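Input: a single structure, listed below in structure tokens.
A, B, ... follow the sequence lines: proteins, then strands. Residue 1 opens every chain. Everything quoted here is computed from the prediction, not taken from an experiment. Heavy-atom basis, side chains included; hydrogens, waters and symmetry copies ignored.
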Amino acid sequence: METTNIKKYTFKDFASNQEVRWCPGCDDYVILRSMQKALPEIGVKKEDVVFISGIGCSSRFPYYMDTYGMHGIHGRAPAIASGVKLANPSLSVWVITGDGDSMAIGGNHFIHVLRRNIDLNMILFNNEIYGLTKGQFSPTSLVGQKTKSSPYGNTQPPFHPGELAIGAQARFFARIGGNTPKEMTQIFIEAEKFNGTSLIEILQNCVIFNDGCYTKYTDKDIREDKQLFVEHGKPMIFGKNRDKGLMLNKLKLEVVAIGENGIEQEDLLVHNAKDEDPTLHQMLVRLEYPLVTGIIRSFDDVTLEEREDALTAEVKSKSNFVTTDDLFFSGETYQVY
Amino acid sequence: MIAEIKDTQPEALEAVVIRFVGDSGDGMQLTGTQFSDTSAMFGNDVSTFPNYPSEIRAPQGSLYGVSGFQVHIGSVEISTPGDDVDLLVAMNPAGLKTNLYAVKPGHTIIVDIDSFNKKNLEKAQYETNPLEDGSLENYRIIEVAISSLTKEALKDVEGLDNKSITRSKNMFALGMVYWMYHRSPEHTIDFFNKKFASKPHLIESNTKVLNAGFYFAETLELIPNSYTISPARMPAGTYRIISGNTATAWGLLAAAEKSGLELFLGSYPITPATDILHELVKHKHFGVKAFQAEDEIAGITSAIGASFAGDLAITTTSGPGLALKSEALGLAMMVELPLVVVNVQRGGPSTGLPTKTEQSDLMQAMYGRNGESPVIVIAASTPSNCFEFAFQAAKLALEHMTPVILLTDGYIANGSEPWKIKRVSEMPEIKNNKVTELKENWHPYDRDEHTLARNWAVPGTFGLEHRIGGLEKDKITGNVSHVPENHEFMTKIRAEKIERVQNYIPELTTEFADEGDLLVIGWGGTYGGLHSAVKELNKKGYSNIGFAHFNYINPLPKNTEDILGKFKKTVVCELNNGQFVNILRMNFNKYDFLQFNKIQGLPFGNTELVEKFKQLLN
């Protein structure tokens with residue numbers, strides 16, 4: 001997409017005239033506002049932006065953005081978005097999905113879009129519950145969780161979105177709390193800059209059906225102690241006093257205290273988001289304490305569009321066919337007089 | 001070296017039906033294709049019918065592993081692959097057993113005697129050898145040791161393993177048939193030269209075997225005479241042999257070029273539709289974007305995305321795949337985007353008969369969606385007119401902003417016939433409804449006053465940002481609306497949009513008689529069979545039988561009722577349990593519709609049709 005001569009937008013330019021209808025207090029408002037703030041920073045023309053969603057609370061998102069958008073059908077947004085992007089690679093294409101939409105009914109499309117590495121951005125609103133159908137367990141709900149469809153406790157072990165995504169060859173994975181708009185905006189900007197499929201998991205609180213599901217990580221008072229916000233090239237350090245960090249002990253990540261047992265900041269792991277080998281990224285994704293947020297993986301790779309473009313150029317350069325007439329009259333034809 | 005045809009005194013025939021049968025690995029499809037291509041180039045009219053098992057390599061010698069290829073060639077108009085076989089070439093006992101029923105008594109069967117051993121006879125469930133027990137008395141049997149003669153012919157060729165030798169025995173049979181029907185092996189030798197350009201030993205071996213078969217037939221006293229079929233009288237022009245699936249793919253290519261749009265195909269492999277995908281993926285030089293998706297649903301939804309972004313979007317499938325696509329098809333209908341869905345019908349329900357033909361997806365195409373969800377449904381009727389109808393499907397989708405389902409079937413998709421090649425300049429114009437700039441008071445659901453098509457504002461266009469989706473929309477702004485009256489209005493306008501397509505499609509025509517005692521009605525891929533049966537009766541003096549064939553199912557042609565009123569009786573012939581007939585009953589309930597249905601995974605046979613029509617006329 002062209003980045004020159006673009007009108008300087010403000011976040012208001014990206015708000016549609018539709019009244020936002022999420023429940024009061026929902027994190028979705030934070031995500032919407034963060035997106036409306038990120039887009040002017042990205043510097044893409046408004047008419048080149050497309051939001052595609054599936055079904056669920058999150059998937060109403062496109063209606064509230066004054067860009068092109070399609071509210072699709074349950075689970076299929078990654079496939080619709082793939083078609084949009086392949087048809088016109090110059091567009092900035094965003095997929096909006098939830099934990100049910102992307103990992104239950106749409107699980108197949110979710111893994112395949114990541115595997116292909118089409119240059120689009122996928123924002124996964126993970127609230128560990130079905131909200132729009134009023135409170136059933138989702139593929140990310142915890143074992144034992146009591147919901148309307150699991151009154152005695154959920155018996156199905158959950159997916160960890162990042163683990164599934166990296167297993168499906170995701171080149172870009174970020175995770176961020178639903179109550180940290182500044183970092184979220186920055187991650188949206190980085191995701192759009194990234195050439196390939198970017199997946200951003202947002203730990204989104206559902207105030208009605210799963211309120212407080214992330215409190216133990218995201219509460220303002222404790223989050224610095226419970227979350228490790230990783231940045232490429234920087235040591236893995238966390239804590240209100242910046243006194244804790246991560247080290248590798250054999251095949252396990254270990255939380256260490258800086259200054260104890262002779263451990264210095266230099267001994268901590270340094271985050272390499274760009275590593276092709278996803279082993280450490282997987283370990284970071286699965287860690288429960290601290291919960292790792294930020295851009296965990298950002299490995300530059302060839303996109304599907306680039307492979308297709310190169311092949312098309314090669315085929316075109318070797319082909320004698322310019323119009324379909326050339327094809328139809330080629331090979332074995334014969335005359336009737 | 002090419003075997004030459006010596007000046008013999010062949011018997012002239014008007015038309016002939018030949019069927020090649022053998023194991024699924026015996027190369028019967030190739031043998032049949034070579035014979036039909038050669039005949040077409042000679043100037044005959046041709047129609048072919050491949051019939052193969054759904055297993056790729058079924059156990060050798062088994063009854064269910066028999067693969068066949070039938071070809072009907074003539075100096076007269078040929079509209080079907082024929083039903084009664086004049087010459088059967090059976091490479092093994094199982095092929096003989098499963099195909100004997102089709103051979104006309106007194107006609108010829110060539111068998112590979114080498115394959116009639118104890119093991120193969122047992123596998124074919126023969127208690128005694130049919131070549132010895134007198135059961136084939138009514139046929140002219142030509143016993144040839146095809147396998148051993150093939151080996152003998154190749155004994156001096158270096159670099160051949162046993163498998164390659166065995167696999168070329170089909171060429172011996174083809175050589176014999178070329179001689180019998182006075183055809184030069186030249187075209188097939190050209191084919192070897194191209195196909196095996198990097199493997200000269202295979203060019204040599206196949207050519208040797210083909211010529212050996214040819215000369216063997218010439219010198220064999222068992223073949224009393226050869227036959228000739230003169231070129232058919234067909235309109236002048238450049239022709240090629242084309243299958244329905246290729247014609248479909250090419251019709252779509254032509255539509256993309258004519259409309260000036262890029263073609264996007266979202267598809268998932270399924271028999272018998274996959275060859276359309278195979279064909280379209282080749283054409284990157286035309287900018288074709290063929291996307292093999294992870295499933296049928298992604299096939300259609302990626303196409304919907306591409307359509308939103310401004311491409312000519314296509315998805316191709318067969319029955320079970322259409323079932324999977326139905327929710328997304330509802331979305332495409334709701335957001336009113338152009339989309340072509342090609343459904344190559346096969347025997348159903350469920351997995352059904354994947355390699356056999358049927359017309360049983362009509363109701364699914366018409367109604368297989370939730371809610372009030374009308375789409376255009378059209379059907380191609382011959383292998384070559386798949387080209388026209390694929391083109392037409394794209395034209396209607398783009399001009400009326402709606403999904404169009406194009407129905408073909410396994411019979412016409414895999415069958416082939418001569419196609420008088422069309423230049424894109426000969427095809428009708430295709431308009432589209434794109435808006436390229438912001439106008440005052442613009443809305444995404446503004447409609448064309450004639451067609452009711454909404455306009456097509458494509459991402460990337462300045463000022464036209466808008467949102468669409470599966471939720472009901474306000475009739476003007478396209479914003480989500482749950483207003484009761486608006487929903488009723490939108491439901492009706494979506495229906496009327498499809499009804500108005502009547503104004504843009506040709507009227508129904510009748511063949512052979514405009515009025516009379518019996519009207520034969522068909523739709524889709526049964527055209528050839530029905531046409532030739534009615535033609536035969538007409539030739540025999542029945543001037544009171546007419547034939548009307550439907551290519552447009554939803555909406556029906558405007559004048560349908562006028563035609564129904566001109567005949568005393570009407571019979572609707574379909575390869576299903578009666579689907580189109582019920583659409584006609586629903587629309588024209590003052591008429592009586594008789595039915596003739598066949599649900600065997602096979603096309604109609606000429607004899608059964610002629611007998612049925614005669615019975616109805618008496």
Starting at [atom1] of [X], measure out to [atom2] of [Y] and round the result to the nearest 0.5 Å.
X        : Y        : atom1 : atom2 : result
B:Lys420 : A:Thr333 : NZ    : OG1   : 13.0 Å
B:His283 : A:Thr312 : NE2   : OG1   : 13.5 Å
A:Ile80  : B:Ile300 : CD1   : CD1   : 10.0 Å
A:Asn17  : B:Thr477 : CG    : OG1   : 8.0 Å
A:Tyr334 : B:Ile241 : OH    : CD1   : 4.0 Å

State, with a plain yes or no, whether a side-chain heavy atom of [X] is found less than 4.5 Å away from one of [Y].
X        : Y        : value
A:Ser319 : B:Phe286 : no
A:Ile73  : B:Met334 : no
A:Asn88  : B:Glu262 : no
A:Met70  : B:Ile304 : yes
A:His71  : B:Val480 : no
A:Val113 : B:Glu294 : no

Sort [X] into side chain, backbone, both or neither according to what part of it lies under 4.5 angstrom from a heavy atom of chain B.
X        : answer
A:Val322 : backbone
A:Thr323 : both
A:Ile111 : neither
A:Phe51  : neither
A:Arg115 : neither
A:Phe328 : both
A:Gln18  : side chain

Please classify the contact of [X] with chain A as side chain, backbone, both or neither, using a heavy-atom distance under 4.5 Å.
X        : value
B:Ile242 : neither
B:Ala303 : neither
B:Phe387 : side chain
B:Val458 : backbone
B:Ala40  : both
B:Phe264 : side chain
B:Pro235 : backbone
B:Leu261 : neither
B:Phe291 : side chain

Chain A: which of [options] shares the most heavy-atom pairs with it under 4.5 Å?
options                                : answer
B:Leu331, B:Asp37, B:Val335            : B:Leu331
B:Leu253, B:Leu471, B:Val288           : B:Leu471
B:Gly469, B:Ala309, B:Gly237, B:Gly470 : B:Gly237
B:Trp250, B:Phe462, B:Trp419, B:Phe308 : B:Trp250

Donor-acceptor pair, distance only, cut-off 3.5 Å: does the side chain of [X] make one with the backbone of [Y]?
X        : Y        : answer
B:Glu257 : A:Thr324 : yes
A:Asp325 : B:Val424 : yes
B:Glu465 : A:Glu47  : yes
A:Tyr68  : B:Ala457 : no
B:Arg467 : A:Met65  : yes

Checklist line | All ring-ring contact (aromatic ring centres under 6.0 Å, His included) counterparts of A:Tyr130, not counting sequence neighbours | finding: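 Testing A:Tyr130 for ring-ring contact (aromatic ring centres under 6.0 Å, His included), a comparison that skips the adjacent residues, returns none.
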
Check: Sequence neighbours excluded, which residues qualify as ring-ring contact (aromatic ring centres under 6.0 Å, His included) partners of A:His74?
Finding: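 Applying ring-ring contact (aromatic ring centres under 6.0 Å, His included) to A:His74 gives none.
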
Note to self: Give the interface residues of residues 31-39 of chain A toward chain B, defined by a heavy-atom separation under 4.5 Å.
What the structure shows: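 If one takes a 4.5 Å heavy-atom cut-off, no residue of residues 31-39 of chain A lies near chain B.
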
Note to self: Could you tell me if B:Arg423 sits above the aromatic ring of A:Phe329, with its cationic atom closer than 6.0 Å to the ring centre and no more than 45 degrees from the axis?
What the structure shows: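 The answer is yes, since B:Arg423 meets both limits relative to A:Phe329.
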
Taking everything shown except [X] itself, do over 12 heavy atoms lie less than 6.0 Å from its [atom1]?
X        : atom1 : answer
B:Lys434 : NZ    : yes
A:Glu19  : CD    : no
B:Phe192 : CZ    : yes

Next item on the list: Specify which of A:Lys318, A:Arg76, A:Glu308 makes the most heavy-atom pairs with chain B at under 4.5 Å.
Entry: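 Looking at each of A:Lys318, A:Arg76, A:Glu308 in turn, A:Arg76 comes out on top.
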
Check: Who among A:Lys316, A:His112, A:Arg116 has the most heavy-atom pairs with chain B under 4.5 Å?
Finding: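 Top count of heavy-atom pairs under 4.5 Å with chain B: A:Arg116.
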
Next item on the list: Take A:His109 and B:Asp295 through the side-chain contact (heavy atoms from CB on, under 4.5 Å) test and state the conclusion after the steps.
Entry: CA-CA 9 Å; A:His109 313 303; B:Asp295 59 21; 3.3 Å; yes

Check: Can you name the side chain to side chain donor-acceptor pair (under 3.5 Å) partners of B:Thr317, sequence neighbours left out?
Finding: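 Testing B:Thr317 for side chain to side chain donor-acceptor pair (under 3.5 Å), a comparison that skips the adjacent residues, returns B:Glu296.
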
Margin query: Using every non-hydrogen atom in the two residues, find where A:Leu91 and B:Pro459 come nearest and quote the distance to one decimal.
Written below: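 Reported closest heavy-atom pair: CD1-CB, 3.8 Å.
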
Check: Do you know which two heavy atoms are closest between A:Ala87 and B:Asp311, and how far apart they sit?
Finding: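 Closest approach of A:Ala87 to B:Asp311, heavy atoms only: CB-OD2, 3.3 Å.
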
